[in-house]
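This report refers to the structure that appears directly beneath it.
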Amino acid sequence: MDGTLYNQNILRILVAGKMILAFIVSPKKFSIEFKIIREFRKVQEKLRLSDSNVIDENSQIRKTAENLKMNYDEVSQAVDKWFKQIPLPLISICRKSDLVNTFSNLFNEGFKLGLFSDYPSEDKAKILGIKDFVEAIVCSSDADVGKFKPAADGFKRIAEKLNLKCENLIYVGDRYEVDIVGALKAGMIPLLVGKFQPGKKLYSSCFRFKTIEKLIKKINNSQNNCSKNYHLI
């Protein structure tokens, strides 16, 4: 889930503003940080496709530092700054409308809720105001996962933490090739949120909503008739 809970486009704009300001204040320093950000993301996508048995944030930072021939600590500081420190306070501004109310209602109705993301989500859940309603949080870089989506490992792990079978879980994501493919591998019911390319047959393998707001509205409108045989992550 994670990224589906807030407006990523607005968040990107706000972070871009912070980047422009950082460049104005110190062009040389930011140029180095931007190079690190870009390489860190490239490394993540390569690791996503790799057969490595162990993937964690340290290995991703280490590989980024090797590729750029830079000091590990310098890379680590830049990653922490631009992927955690700066975006985190801005996420609450980008929170999807009626998100807290929806999570609260589902929780009170007896649904089990979880978060599984390629990025750590504990602090994000707190900032978004939904931490108290989430029973399990799993990150791809956790020691007991070590695989980025679409590997099934993380999906299966959160099912274990929720003490549920994968077939009784609905996984909500916004990237078909990452979220939906991974959920299908694990045997979950996938639900895709976001824009769709017309004519793509692959979308027939999952439920679809154009926006998370429409999904939230659907949940709220049909909640009294919802079957508790399925739970959301």
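Everything numeric here is computed off the predicted structure, so don't read it as measured data. Start at 1 with the first residue, then count along the sequence.
Judged purely by atom type and a 3.5 angstrom limit, N71 uses its side chain to pair as donor or acceptor with the backbone of D73. Side chain of R48 to backbone of K149: a donor-acceptor contact under 3.5 angstrom is found. For the pair Q60 (side chain) and V43 (backbone), a donor-acceptor distance under 3.5 Å is absent. Using a distance-only test at 3.5 Å, with no hydrogens or angles considered, no donor-acceptor pair links the side chain of S76 to the main chain of Y72.
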May I have the list of side-chain donor-acceptor pairs in residues 19-32 shorter than 3.5 Å, sequence neighbours left out?
| from | atom 1 | to | atom 2 | distance (Å) |
| --- | --- | --- | --- | --- |
| S31 | OG | P27 | O | 2.7 |

Sequence neighbours left out, cut at 3.5 Å: what donor-acceptor pairs do the side chains of residues 81-91 make with other protein atoms?
| from | atom 1 | to | atom 2 | distance (Å) |
| --- | --- | --- | --- | --- |
| K81 | NZ | E33 | OE1 | 3.4 |
| K81 | NZ | E33 | OE2 | 3.3 |
| W82 | NE1 | E33 | OE1 | 3.0 |
| K84 | NZ | E57 | OE1 | 3.2 |
| K84 | NZ | E57 | OE2 | 3.1 |
| Q85 | NE2 | D80 | OD2 | 2.4 |

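Rounding to the nearest 0.5 Å gives a distance of 12.0 Å between CE of M70 and CD1 of I61.
When side chains are defined from C-beta on, I158 counts as touching M188, because their heavy atoms get closer than 4.5 Å. Here the side chains of D118 and Q44 are in contact, with some heavy-atom distance below 4.5 Å.
Here the closest heavy-atom approach between residue A125 and residue L115 is recorded as CB-CD1, 3.9 Å. Closest of all the heavy-atom pairs between K112 and N163 is NZ-CB, 4.1 Å. Nearest heavy-atom pair across A159 and L169 is CB-CD1, 3.6 Å.
V178 and Y176 fall into different hydrophobic clusters, where Ile, Leu, Val, Met, Phe, Trp and Tyr are joined by side-chain heavy atoms under 4.5 Å apart, directly or via other members.
In summary, the aromatic rings of F133 and F107 are positioned with their centroids under 6.0 Å apart.
K161 forms no cation-pi arrangement with F116, by the criterion of a distance under 6.0 Å to the ring centre and an angle within 45° of the ring axis.
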